[in-house]
Structure formats: structure tokens, C-alpha cells
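Below, each value reflects all heavy atoms present in this structure, side chains not excepted, and no hydrogens, waters or symmetry copies.
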Amino acid sequence: MQRTLITSAIPYINGIKHLGNLIGSQLPADLYARYARARGHEVMFICATDEHGTPAELAAKKAGKPVAEYCAEMWQVQKDLADGFRLSFDHFGRSSSPQNHKLTQHFAGKLDEAGLIEERSSKQVYSNADGRFLPDRYVEGTCPNCGYERARGDQCENCTKQLEPTDLIDPRSAISGSTDLEVRSTKHLFLKQSQLKDRLDAWIDSQDGWPVLTTSIAKKWLHDGDGLQDRGITRDLDWGIPVMRGDEPWPGMEGKVFYVWFDAPIEYIAGTAEWADANGGDWERWWRKDKGAEDVRYVQFMGKDNVPFHTLGFPATLLGSGEPWKTVDYLKAFNYLNYDGGQFSTSQGRGVFMDQALEILPSDYWRWWLLSHAPENQDTEFTWEAFQTDVNKDLADVLGNFVSRVTKFCRSKFGEAVPEGGDWGAAETALIDTLTTRIRAYERHMDAIEIRKAAAELRAIWVAGNEYLQEAAPWATFKTDPEQAAAQIRLALNLIRLYAVLSRPFIPDAAAAMLAGMQTEDDAWPDDVDAAVRVLAPGHAFTVPDVLFAKIDDATRQGWAERFAGGRRE
RNA sequence: GGCGGUGUAGCUCAGUUGGUUAGAGCAGCGGAAUCAUAAUCCGCGUGUCCGGGGUUCAAGUCCCUGCACCGCCA
């Protein structure tokens with residue numbers, strides 16, 4: 001049995017994600033996971049929340065809660081939304097889990113053993129009023145270059161000049177506004193990625209068929225300027241994974257935690273360990289090549305902004321450890337989804353967020369539109385007009401109406417059971433040939449994770465059913481040859497089951513409703529299409545399903561467009 | 001500023017290693033059908049493939065250059 005490990009980039013704990021985030025990793029990962037399962041793969045699909053770092057601390061403070069409590073609550077919120085979108089994770093973990101603490105500390109220890117960790121001193125701004133070190137971006141002040149008064153310590157947003165916090169004039173804490181700041185010396189651990197440059201380069205070269213978007217980003221970071229830079233992997237914060245060398249204390253690092261970007265990808269592994277602890281499974285056979293993971297195919301999904309960390313940062317951790325960890329085999333990166341002529345904006349509340357989306361429509365509408373327009377090759381535009389016409393046409397008219405016309409016609413002429421009698425002829429053979437060709441193409445596109453092409457093929461498969469009905473015209477043949485009409489409608493009823501199986505990765509709820517209507521649990525993949533359209537035998541009872549997809553009318557669409565134009569209130 | 005990406009039909013997008021009259025869906029126009037969520041099916045595209053050079057027997061597809069938009073810069 002083919003084994004497939006799938007991870008989606010883990011969403012940050014701070015707040016509800018918008019549809020652009022959803023289509024950038026979690027949703028396509030779910031599509032692939034569902035497809036792989038349908039094809040009989042053994043699948044492990046892992047996602048989690050990314051919980052550490054200063055933004056989480058500040059969000060908790062704003063909410064007036066301890067950070068651990070805040071994260072626990074927000075994890076539940078994100079978990080519920082993931083369920084609402086039918087994201088079929090085998091486990092939705094937390095980067096703050098004990099399993100991740102242990103693994104992150106383990107990796108740090110191994111990297112140190114390999115001579116890849118170096119302690120370095122640096123100067124950093126300390127805020128006496130806040131009682132903490134301030135990350136560069138949380139120091140504000142006047143830009144020495146352009147005089148902008150709200151420049152951040154890493155960069156001036158006004159003139160884009162790269163800055164050091166100590167460059168700022170009249171610096172203050174962005175957290176409290178306090179000007180009681182001082183520069184203190186502090187020690188941090190650095191991962192000497194520069195020493196791994198050639199190994200990473202060779203590793204990337206050895207990958208077959210990676211998307212251009214992926215390799216070009218990775219290569220740029222490897223070769224641009226001075227090449228791959230060493231990276232600080234610790235921070236002076238309270239909230240995070242305490243710095244330890246495996247199980248041992250790390251002298252000089254007391255009170256410090258690992259940087260969120262170091263521990264976050266390790267959560268892919270730790271999340272699998274969380275799954276194993278909860279379900280009694282074995283996580284190492286997914287991740288350790290010496291313990292059974294040699295035959296695993298590992299596929300990652302992420303937005304393009306995440307590519308450097310997955311092609312270089314995380315592999316540096318895995319390869320540098322000197323242990324036989326499973327590394328990614330195929331990495332699928334996405335561009336951005338824009339919203340009605342601009343960007344989705346979390347800060348401005350512009351666009352549709354996951355909770356709002358589920359409030360106004362069932363998840364299948366969103367899943368279908370987003371996946372069939374996935375920003376695979378370039379940024380893609382979401383407009384309400386396009387969403388309305390596409391969803392109405394594809395889901396309500398082409399697919400939903402097909403189910404209606406077939407089941408209702410049968411009910412009125414033959415009753416609610418698959419009719420018997422009659423024979424199939426040239427038209428039926430031609431349809432089965434067409435479907436076979438298209439289903440094989442659909443499989444190729446899904447195997448290659450070419451999502452838009454797969455969606456287009458699936459739609460064409462739906463259309464083929466309508467074409468057949470139009471040509472066969474059972475409503476006409478019924479008048480002259482009821483037996484032939486019975487044979488025709490028998491095939492059409494079987495198409496509903498077939499469509500449910502094929503469509504389930506995209507629209508799981510509608511697919512379930514279709515199978516329920518056909519009163520069958522046979523969801524076998526149609527390796528043999530001719531056999532697949534004979535599963536529902538004469539006499540098999542069915543029910544007419546409710547309308548699968550209600551249409552979106554113009555007034556409703558306009559209302560949504562106005563409601564989501566901006567200014568979401570938290 | 002540096003780097004990267006994008007620019008193809010009214011709209012959203014496909015166009016493999018350069019090779020027959022540049023494609024799909026939607027929208028639009030015309031027709032057929034009437035089982036169905038006024039839902040379906042068929043037919044219809046003379047598009048400076050952003051502009052300008054160049055390589056080639058042949059370029060949307062390669063090279064140079066200009067323009068526009070977008071992103072990234074740890």
C-alpha cells in the first residue's frame with residue numbers, strides 16, 4: 001500500500017484566517033489527502049497551530065488572558081473552523097505541545113553535537129517598563145533617513161530603509177510606549193546554516209519535478225548575495241520552548257526559548273507524535289527512515305512566503321541532525337488570492353474570513369470555488385460576481401441539477417428504485433469511453449497536484465452526464481420505448497454515485513448527500529468505469545435528495561460585497 | 001535600490017522541450033429540447049499573445065530592451 005504523509009503549513013494562533021490563507025495551504029492539502037485516501041493510500045495528514053512568539057503574547061495581553069489560556073482557546077476556535085470546512089486532518093496539533101518541546105530540544109541537542117550550533121553575543125533593546133527584551137520590530141521611533149515618526153526597528157515602512165533598532169531617533173517600546181529603554185548584551189544560539197549550504201543545494205538539485213516557484217525561491221536564498229546566512233534560533237521571551245540540549249540544561253541559556261521559526265516546522269513531526277499518543281499509533285514509521293519511513297512519500301503544502309523555511313530552514317534542521325529523518329519529497333506552493341481588486345487584509349478586516357464564510361454558505365461552495373481557482377501559477381482574483389456565476393453554474397446548474405433531473409424523472413416514471421429492462425447501445429458505450437478517458441485524466445492531474453486542471457476535468461465529467469441525457473432523451477424514449485428509457489435512466493442514476501465518489505475530495509458534503517440519496521455506501525474508486533456504472537442494480541431503492549446547491553441571487557451577492565468590503569470588527 | 005514574478009478573447013485563466021488555421025470556462029449572440037434548481041444541450045471568437053529590437057526555415061514560446069502591475073528583501 002502506498003503511504004503518503006501530508007502536512008499543511010501551520011496557521012499562526014493569533015486570530016481567524018481569511019480565505020486567502022485557507023486556499024494557500026490547508027484546503028489544497030485536504031483535497032490531496034482525501035484523494036489519496038480514496039485511491040487507497042495509507043495517509044497521515046497533519047496540521048497544527050503555530051503558537052509561540054511575541055504576537056501571541058501581545059494578543060493574549062490584549063485579550064486580558066494568560067498566553068497559555070489564550071492559545072488554548074484560539075486553538076479550539078481554529079479547530080472548529082477547520083472542522084467546518086471539512087478539513088480531514090488525522091491530527092490538528094499545537095506547537096506548544098509537550099511532544100514538540102521534547103523534539104525541538106532533541107534537535108537542538110543533535111545539531112550541537114554535529115557542531116552546527118554557535119553561541120553569539122548581540123546587543124538588543126531591553127524595555128525596563130515592559131520588563132522584557134523587545135524584538136526589533138517592536139521598537140518604534142523616528143527614521144534617521146526620512147524622518148518618519150513611526151518607523152520600526154527592523155525597517156522604515158515609509159522609506160523602506162533597513163534599520164537597526166539603535167538607529168532610531170527617540171526610540172520607544174511599541175508595546176507600552178515607554179521610552180525607558182536600554183541596550184543590553186544577550187547571548188543567543190545560532191544555527192550555522194552556511195555550513196549546510198552545499199548539502200542543501202545538492203539536496204534540492206536531487207529533487208525531481210519540483211515546481212519552478214519552489215526551486216527558484218530556494219535557489220535565490222542559497223545563492224543570493226553572501227549565500228545562506230546563519231540564523232538565530234533562540235529568543236529572550238517567556239512564551240516558547242525552553243532552550244535545552246536534549247534532556248540537559250544548556251548553561252548560559254537559562255530563561256530563553258527557541259525562536260518560533262525553529263520549533264514550528266518540527267511540530268509536523270510532533271503533531272504526528274501527538275496523534276500517536278492519542279490513538280496508540282507509531283509516529284516514527286512516518287518520519288524515521290530507519291524505522292519504516294523509507295517508503296513514505298511526503299508532500300507539503302504552503303503559501304509562497306513559507307517556501308524558504310520549508311526548503312532550507314527545516315531541511316537544515318533535519319539534515320544537520322545527522323539522523324535519518326524523512327525530508328519532503330514534493331512541495332506544493334501557492335501564490336496569493338486577492339480580494340476584489342486588492343489584498344485580503346487581516347488588519348483592515350478586508351475580505352472574507354473563515355468564520356464569516358461558513359456563516360453565509362455551506363463549506364462546499366467555498367471549497368469548490370477556491371480549489372477550482374487555486375492560485376497555482378499566479379495570484380488569483382476573488383470577486384463576488386465571479387464567485388456567484390461560477391458556483392451557480394458549476395454546482396447548482398451542472399451538477400446539482402443533473403442529480404435533480406435524473407432522480408425526479410425516475411421517480412415520476414418508474415418510482416424510487418433503479419428501473420430494470422432495456423439494453424445499452426452505442427450511446428452508452430460512447431459515454432463510458434468518454435468517462436474513462438476523462439477519469440484517467442482527472443487522476444493524472446490529481447496525482448500531479450494540478451488542482452485547477454483537476455477541477456476542470458471533474459466539471460467536464462459532470463457535463464458529460466448532461467450531454468448524454470440530452471442525447472438519450474429518456475423523456476422522449478419513454479413515450480415510445482419505456483424499456484429503453486429505463487436502461488438510460490439506470491445509467492444516469494449510476495452516474496450520480498460515480499460523481500459522488502469522484503467529487504468527494506472537492507465537495508465532501510454534497511458527495512455524502514448524493515451517496516445517501518442513492519442509498520449506497522459503495523464508494524470504491526472507479527478503476528473500471530464500466531463496472532462502476534453498474535453498481536446500482538435494477539430494483540435498488542433510492543430517494544430524491546434535497547436540492548444540493550441553492551443558487552446565490554443578485555441581491556444576496558450585493559449584500560455580501562458590501563458587508564465584506566472592509567472594517568471587520570473584532 | 002537589489003532580486004523574483006506577472007502582462008494571452010469583455011472577465012477568470014490554459015498554453016509541455018520554439019513547429020499545422022492561439023485554446024477552456026464564464027459572459028454575449030443564435031438555435032434545439034422541455035426530464036430538471038427558468039436548470040440542460042448544440043453552434044458562433046479578424047484576440048497588435050504589453051511595446052520595440054534580435055536569433056531562427058519557424059516565437060505567445062528563446063535573447064536584448066522599454067513600459068505596467070505585484071511580491072520579497074531574513
Side-chain angles (χ1 to χ4, degrees), chain A residues 135-137 145 154-155 159-162 190-191 193 209 212-221 223-233 259 261 303-309 312-313 333 335-338 341-343 369 372-383 385-414 445 448 450 452-453 455-460 462-479 485 488-489 492 544-553:
Chain A
D136 291 353
R137 54 183 289 210
N145 188 50
D154 56 346
Q155 182 179 30
C159 68
T160 73
K161 183 177 174 57
Q162 307 274 314
F190 276 71
L191 174 59
Q193 294 186 136
V212 179
L213 182 67
T214 302
T215 47
S216 68
I217 292 172
K219 285 287 181 180
K220 184 206 156 204
W221 281 54
H223 300 295
D224 200 36
D226 299 328
L228 191 62
Q229 299 297 296
D230 297 341
R231 201 158 58 93
I233 60 165
Y259 185 33
W261 271 112
K304 63 183 173 187
D305 52 327
N306 259 322
V307 169
F309 299 101
L312 304 171
N335 290 286
Y336 296 135
L337 181 69
N338 290 320
Q343 294 187 358
W369 195 89
S372 63
H373 294 78
E376 291 175 294
N377 300 311
Q378 55 188 306
D379 292 355
T380 296
E381 188 85 6
F382 174 92
T383 66
E385 291 79 4
F387 176 73
Q388 178 196 21
T389 57
D390 291 343
V391 156
N392 283 351
K393 187 74 180 172
D394 298 347
L395 297 181
D397 297 348
V398 174
L399 178 62
N401 182 58
F402 177 79
V403 174
S404 286
R405 66 193 299 204
V406 170
T407 54
K408 288 181 179 173
F409 178 80
C410 185
R411 180 173 62 184
S412 73
K413 305 299 185 196
F414 300 102
H445 291 138
E450 294 268 12
R452 300 173 77 120
K453 289 180 181 173
E457 199 63 49
L458 178 59
R459 185 187 190 284
W462 298 339
V463 168
N466 282 313
E467 288 174 354
Y468 168 75
L469 273 191
Q470 208 65 30
E471 183 192 334
W475 50 89
T477 54
F478 181 79
K479 293 170 186 169
Q488 291 165 339
I489 214 67
V544 175
D546 292 336
V547 166
L548 286 179
F549 296 98
K551 293 219 230 188
I552 300 166
D553 62 45

Return the nearest nucleotide to the side chain of [X]; candidates are [options].
X        : options             : result
A:Asn401 : B:C35, B:U37, B:U12 : B:U37
A:Glu467 : B:U12, B:C41, B:U37 : B:C41
A:Leu548 : B:U40, B:U34, B:U37 : B:U37
A:Lys393 : B:C26, B:C42, B:U37 : B:C26

(message) I'd like the C1' distance from B:C26 over to B:G66, given in whole Å.
(response)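 Per the computed distance, 34 Å lies between those C1' atoms.
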
(message) On the nucleotide B:G15, are OP1 or OP2 found under 4.0 Å from the side-chain N or O atoms that A:Lys453 carries?
(response)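 The answer is yes; a side-chain N or O of A:Lys453 sits under 4.0 Å from OP1 or OP2.
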
(request) Ignoring backbone atoms, test whether A:Thr380 places a side-chain nitrogen or oxygen under 4.0 Å from the OP1 or OP2 oxygen of B:C13. (result)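 Answer yes for this pair, as a side-chain N or O of A:Thr380 is under 4.0 Å from OP1 or OP2.
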
Need one value for [X]: base, sugar-phosphate or nothing, where a base atom within 4.0 Å counts as base even if backbone is also close, heavy atoms only.
X        : answer
A:Arg459 : sugar-phosphate
A:Ser404 : base
A:Ala456 : nothing
A:Val403 : nothing
A:Lys408 : sugar-phosphate
A:Phe478 : nothing

(message) Between the base of B:A39 and the side chain of A:Asp397, is one N or O donor paired with an acceptor at under 3.5 angstrom?
(response) no

(request) Establish whether the base of B:U40 is bridged to the side chain of A:Gln470 by a donor-acceptor pair shorter than 3.5 Å. (result) yes

